[in-house]
Number of protein chains: 2
Amino acid sequence: MATIYEVAALAGVSPATVSRVFNGNTVSEEKQRLVRDAAQQLGFTPNKTARRLRKQSSEIICLLVPDIENPFFTALARGVEDRAQESGFSVVLCNTDDDPAKELRYLQIAASEQMAGVILSPASDEVDLGAIASLGRPVVAVDRTTPYPVDAVKIDNRAAGVAATTALVDAGFRRIACIAGPAGIEETEDRYLGWKQVVTARKTVVRDGFLQHANFRVDGGRAAMNALLKLAQPPDAVVTTNNLMAIGALQALHENGIDPEGFGVAVLGELPYLLPPPVSVVQVRLPARHLGRTAASMLLERIGGDTQPLRTVVLRAEIARPPLSL
Amino acid sequence: MATIYEVAALAGVSPATVSRVFNGNTVSEEKQRLVRDAAQQLGFTPNKTARRLRKQSSEIICLLVPDIENPFFTALARGVEDRAQESGFSVVLCNTDDDPAKELRYLQIAASEQMAGVILSPASDEVDLGAIASLGRPVVAVDRTTPYPVDAVKIDNRAAGVAATTALVDAGFRRIACIAGPAGIEETEDRYLGWKQVVTARKTVVRDGFLQHANFRVDGGRAAMNALLKLAQPPDAVVTTNNLMAIGALQALHENGIDPEGFGVAVLGELPYLLPPPVSVVQVRLPARHLGRTAASMLLERIGGDTQPLRTVVLRAEIARPPLSL
DNA sequence: AAAGTGCAAGAAATCGATTTCGTCAAGCAC
DNA sequence: GTGCTTGACGAAATCGATTTCTTGCACTTT
């Protein structure tokens with residue numbers, strides 16, 4: 001790897017001039033040409049590390065998600081990466097597994113690596129953004145919000161919950177249960193409130209036990225669905241507040257020999273490649289990729305020095321019925 | 001962010017001593033304590049960028065995959081990340097979209113960012129590893145191999161093709177077609193050879209048109225399946241050489257009103273969360289996560305200075321029937 | 001006691017860019 | 001012609017760690 005000094009020597013100018021050529025400062029036509037020729041000849045690429053040390057910032061953004069194996073976050077990551085790429089930024093991807101300790105570790109790495117900014121889907125309300133914040137690096141919360149004063153992009157979860165539940169009511173179901181995520185997580189809370197709003201307003205039947213809390217994974221959804229089916233007076237439809245739990249719920253229905261065509265299922269999120277699509281499954285499509293793209297745009301604006309007041313962008317989910325499987 | 005100089009000043013020692021404390025060199029008990037106390041007090045974290053500039057290498061590995069939205073690569077990425085994490089490395093994830101230009105751009109970034117090494121699933125045979133190689137950074141090819149002399153981890157694709165096809169023969173199918181990936185890609189070539197070997201040896205019926213080439217995506221699989229169904233004497237079963245094409249094939253079957261229970265389908269790869277599982281679908285599980293983990297291990301060994309001869313690790317796929325959906 | 005050995009630890013060089021500062025010359029006004 | 005501004009550009013400082021050199025002291029060895 002050629003350095004700026006070698007280029008300078010070959011071009012017969014000072015290193016400072018070489019730097020100026022590549023950073024758009026005032027250099028005469030003449031020397032510009034000399035420098036560019038020399039650089040070309042040596043295959044010179046500026047050493048990013050040296051630049052970073054001097055400039056105290058890099059072109060890397062850090063993306064922290066709970067689990068990249070969840071298709072929702074995969075799509076989100078893809079959106080972030082696409083947008084970052086357009087501006088010449090790279091993305092470091094980290095899985096927190098919803099573990100605050102892992103999250104903290106990664107945030108410290110982000111700080112000590114001089115990463116330009118962080119996009120994160122916080123594992124808990126107690127995220128410690130201290131290290132990042134003290135460096136003045138921008139942070140954008142995505143999908144979930146935090147108590148810290150940072151920009152955020154989220155989905156209108158309540159509206160999504162309302163849409164999903166309404167679709168089931170409109171389809172004629174009257175005993176609609178809800179499988180929500182872990183209690184206390186804002187995201188889930190809002191979605192379940194959407195359900196509650198509709199079942200209350202539309203005067204459907206709601207029994208004790210119609211609200212189930214589960215972890216966000218397939219096994220959680222399955223267990224919750226089994227619990228619902230064991231009720232003395234089980235529901236005839238269910239709203240699940242994320243994609244993986246829906247898979248679990250459908251599995252449970254299948255295992256219990258219940259025809260999904262007669263049992264209403266509404267999902268907040270998309271079922272990946274489901275086929276053949278059970279017609280009674282309502283999917284509310286969460287714009288994950290768009291979420292990522294928007295978050296990246298906001299972060300890049302801040303990195304660029306934008307100082308406008310904090311923003312929270314809320315994206316609306318759209319309903320898709322019957323589900324599209326590409 | 002406190003620097004090594006501030007720590008040194010507070011502890012009353014030289015910066016060199018502070019560095020030695022954190023790099024395991026000979027420092028007296030006494031000063032060790034002083035330094036650690038001072039570091040603690042100031043919340044000192046070594047600046048990775050400065051270290052990297054000096055040491056000419058970082059603790060970041062670069063992972064290049066065609067498309068992170070393909071669950072196979074997601075699982076692979078997860079494997080890489082988990083292993084990297086254990087050794088304190090971070091992973092930068094890049095999507096090449098099978099575009100050699102994008103791939104090259106990322107490889108150059110990896111070089112100029114002093115990344116410790118690269119794991120890649122090459123977009124084509126013409127990968128240009130020049131920049132990386134000249135820096136002496138290790139590279140591990142994953143899933144596909146390259147003409148360059150680098151370590152590789154791959155799947156025994158031919159054996160996987162054999163296993164899938166054999167399963168169909170054993171299930172009684174006699175007119176088995178194959179939907180392979182784009183011609184000329186090693187990975188696909190081997191899988192299709194597995195199919196060919198079995199259909200030849202087991203004397204099943206093979207017609208012109210039973211071998212279809214398609215892109216690796218859902219639409220490719222669907223188109224290929226439709227073409228197969230339009231044959232004068234269509235097959236009664238099909239082997240698809242990746243997961244996405246299988247989805248497309250199943251969709252085509254569904255659209256044509258063909259009961260997948262009576263039509264044999266074997267997939268090289270896993271169908272994500274498929275439910276209810278069509279019983280006649282044979283899945284050969286490709287150990288994607290393990291692939292990633294192994295690649296990361298090999299890369300880390302090389303980064304650690306291992307100079308043993310080049311290795312190619314071949315992982316055996318295992319058959320799963322009926323498919324497990326978690 | 002003189003010379004040799006070992007080791008802790010400070011001083012200073014180093015990695016490769018960016019950026020401040022200063023110099024010099026050209027251009028312009030009066 | 002003198003004084004002032006302006007722009008190109010080189011010299012040198014800087015970012016924050018690591019590492020090589022060097023020094024000085026304690027401890028052997030003969």
Side-chain angles (χ1 to χ4, degrees), chain A residues 1-36 38-39 42-60 108-109 111-116 131 134-137, chain B residues 1-36 38-39 42-60 108-109 111-116 131 134-137:
Chain A
M1 282 275 116
T3 73
I4 207 173
Y5 297 95
E6 304 174 47
V7 174
L10 181 60
V13 301
S14 76
T17 302
V18 177
S19 171
R20 286 193 264 257
V21 168
F22 290 102
N23 290 281
N25 279 306
T26 54
V27 177
S28 68
E29 287 289 320
E30 168 72 7
K31 307 229 161 181
Q32 288 231 13
R33 202 181 40 68
L34 282 171
V35 169
R36 287 194 197 285
L42 295 173
F44 168 74
T45 327
N47 181 313
K48 295 269 184 68
T49 303
R51 158 182 297 183
R52 187 188 312 187
L53 177 58
R54 184 62 232 238
K55 307 239 285 193
Q56 301 287 312
S57 122
S58 68
E59 275 84 49
I60 295 189
Q108 280 168 344
I109 291 178
S112 72
E113 287 276 1
Q114 259 87 38
M115 296 189 187
S134 70
L135 289 177
R137 306 257 181 254
Chain B
M1 282 276 115
T3 73
I4 207 174
Y5 296 96
E6 304 173 47
V7 174
L10 181 60
V13 302
S14 76
T17 301
V18 177
S19 171
R20 287 193 263 255
V21 168
F22 289 102
N23 290 281
N25 279 305
T26 55
V27 177
S28 68
E29 287 288 321
E30 168 72 5
K31 307 230 161 182
Q32 287 230 15
R33 202 180 40 68
L34 281 172
V35 169
R36 288 195 196 282
L42 295 172
F44 168 74
T45 327
N47 181 315
K48 294 268 184 72
T49 304
R51 158 182 299 182
R52 185 188 313 188
L53 177 58
R54 183 63 231 243
K55 307 240 285 193
Q56 300 287 310
S57 120
S58 67
E59 275 84 48
I60 295 189
Q108 280 168 345
I109 291 178
S112 72
E113 286 275 1
Q114 259 88 39
M115 295 188 189
S134 70
L135 289 178
R137 305 257 181 255

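In the text below, chain A, chain B and the rest are named by the order of the sequence lines, each starting its count at 1.
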Asks: Rounded to the nearest angstrom, tell me the gap between atom CG in N23(B) and atom P in dA9(C).
Replies: 16 Å
Asks: Regarding T3(A), tell me which of base, sugar-phosphate or nothing describes its non-hydrogen contacts under 4.0 Å with the strands shown.
Replies: sugar-phosphate
Asks: I want to check something: taking the side chain as every heavy atom from C-beta on, are V27(A) and V35(A) in contact at a cut-off of under 4.5 Å?
Replies: no
Asks: Over all heavy atoms of both residues, which pair between I4(B) and F44(B) is shortest? Give the atoms and the distance, please.
Replies: N-CE1, 3.6 Å
Asks: Whole angstrom is fine here: how far is it from OH in Y5(B) over to C1' in dG10(C)?
Replies: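 The answer, rounded to whole Å, is 13 Å.
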Asks: Have a look at K31(B) and say if it touches a base, only the backbone sugar-phosphate, or nothing, with a 4.0 Å heavy-atom cut-off.
Replies: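 Since only primed, P, OP1 and OP2 atoms lie under 4.0 Å of K31(B), the category is sugar-phosphate.
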Asks: Does E30(B) or L53(B) map to a spot on DNA chain C nearer the 5' end, using the closest nucleotide for each?
Replies: E30(B)
Asks: Just checking S19(A): base, sugar-phosphate only, or nothing, at a heavy-atom cut-off of under 4.0 Å?
Replies: base
Asks: Produce a footprint string for nucleotides 21-28 of chain C: one letter per nucleotide, 5' end first; B if the base is under 4.0 Å from any protein heavy atom, S if only the sugar-phosphate is, - if neither.
Replies: --------
Asks: Please name all residues satisfying salt bridge (Lys or Arg N to Asp or Glu O under 4.0 Å) with R33(B), sequence neighbours left out, ordered by chain then number.
Replies: E30(B), D37(B)
Asks: For A39(A) and F22(A), which heavy atoms make the closest approach, and how far apart are they?
Replies: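 Between these two residues, the closest heavy atoms are CB-CZ, 3.8 Å.
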Asks: Go through the structure and list residues passing ring-ring contact (aromatic ring centres under 6.0 Å, His included) with Y5(A), not counting sequence neighbours.
Replies: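 Expected list: none.
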Asks: Please list every donor-acceptor pair under 3.5 Å in which a side-chain atom of residues 51-60 of chain A meets a protein atom from a residue at least two apart or in another chain.
Replies:
| from | atom 1 | to | atom 2 | distance (Å) |
| --- | --- | --- | --- | --- |
| R52(A) | NH1 | E113(A) | O | 2.9 |
| R52(A) | NH2 | E113(B) | OE1 | 2.4 |
| Q56(A) | NE2 | L53(A) | O | 2.8 |
| S58(A) | OG | I60(A) | N | 3.3 |
| S58(A) | OG | Q114(A) | O | 2.8 |

Asks: Rounded at 0.5 Å granularity, tell me how far OG in S14(B) sits from NZ in K31(B).
Replies: 8.0 Å
Asks: Please compare A50(B) and T17(B) by the position of their nearest nucleotide in DNA chain D and report the one closer to 5'.
Replies: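 Residue closer to the 5' terminus by nearest nucleotide: A50(B).
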Asks: Measure CZ/R33(B) against P/dA9(C) and give the value in whole Å, please.
Replies: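 That distance rounds to 13 Å.
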Asks: Quick one, V18(B) and V13(B) - any side-chain contact, counting heavy atoms below 4.5 Å?
Replies: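 Yes - at least one pair of side-chain heavy atoms lies under 4.5 Å apart.
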Asks: With nearest nucleotide decided by heavy atoms, which residue, S28(B) or T49(A), maps closer to the 5′ end of DNA chain C?
Replies: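 The 5'-side residue here is S28(B).
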Asks: Base, sugar-phosphate, or nothing: which does V18(B) touch, judged by heavy atoms less than 4.0 Å apart?
Replies: nothing
Asks: When rounded to the nearest 0.5 angstrom, what distance separates CD1 in I109(B) from OG1 in T45(A)?
Replies: 11.0 Å
Asks: Which angle, to the nearest 10 degrees, lies between the helix axes at the two ends of the helix from dA1(C)-dT30(D) to dC30(C)-dG1(D), each defined by five pairs?
Replies: 50°
Asks: Taking R137(B) for the side chain and A111(B) for the main chain, is one N or O donor matched with an acceptor at less than 3.5 Å?
Replies: no
Asks: Kindly indicate whether the side chain of R36(A), heavy atoms from C-beta on, has any atom under 4.5 Å from the side chain of V21(A).
Replies: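 Side chain of R36(A) against side chain of V21(A), heavy atoms only: contact under 4.5 Å found.
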Asks: Within the structure shown, what part of the strands sits under 4.0 Å from F44(A) by heavy-atom distance: base, sugar-phosphate, or nothing?
Replies: sugar-phosphate
Asks: Students should find this one: the first and last nucleotides of DNA chain D, 5' to 3', lying under 4.0 Å from a heavy atom of chain B. What are they?
Replies: dG16(D) to dT20(D)
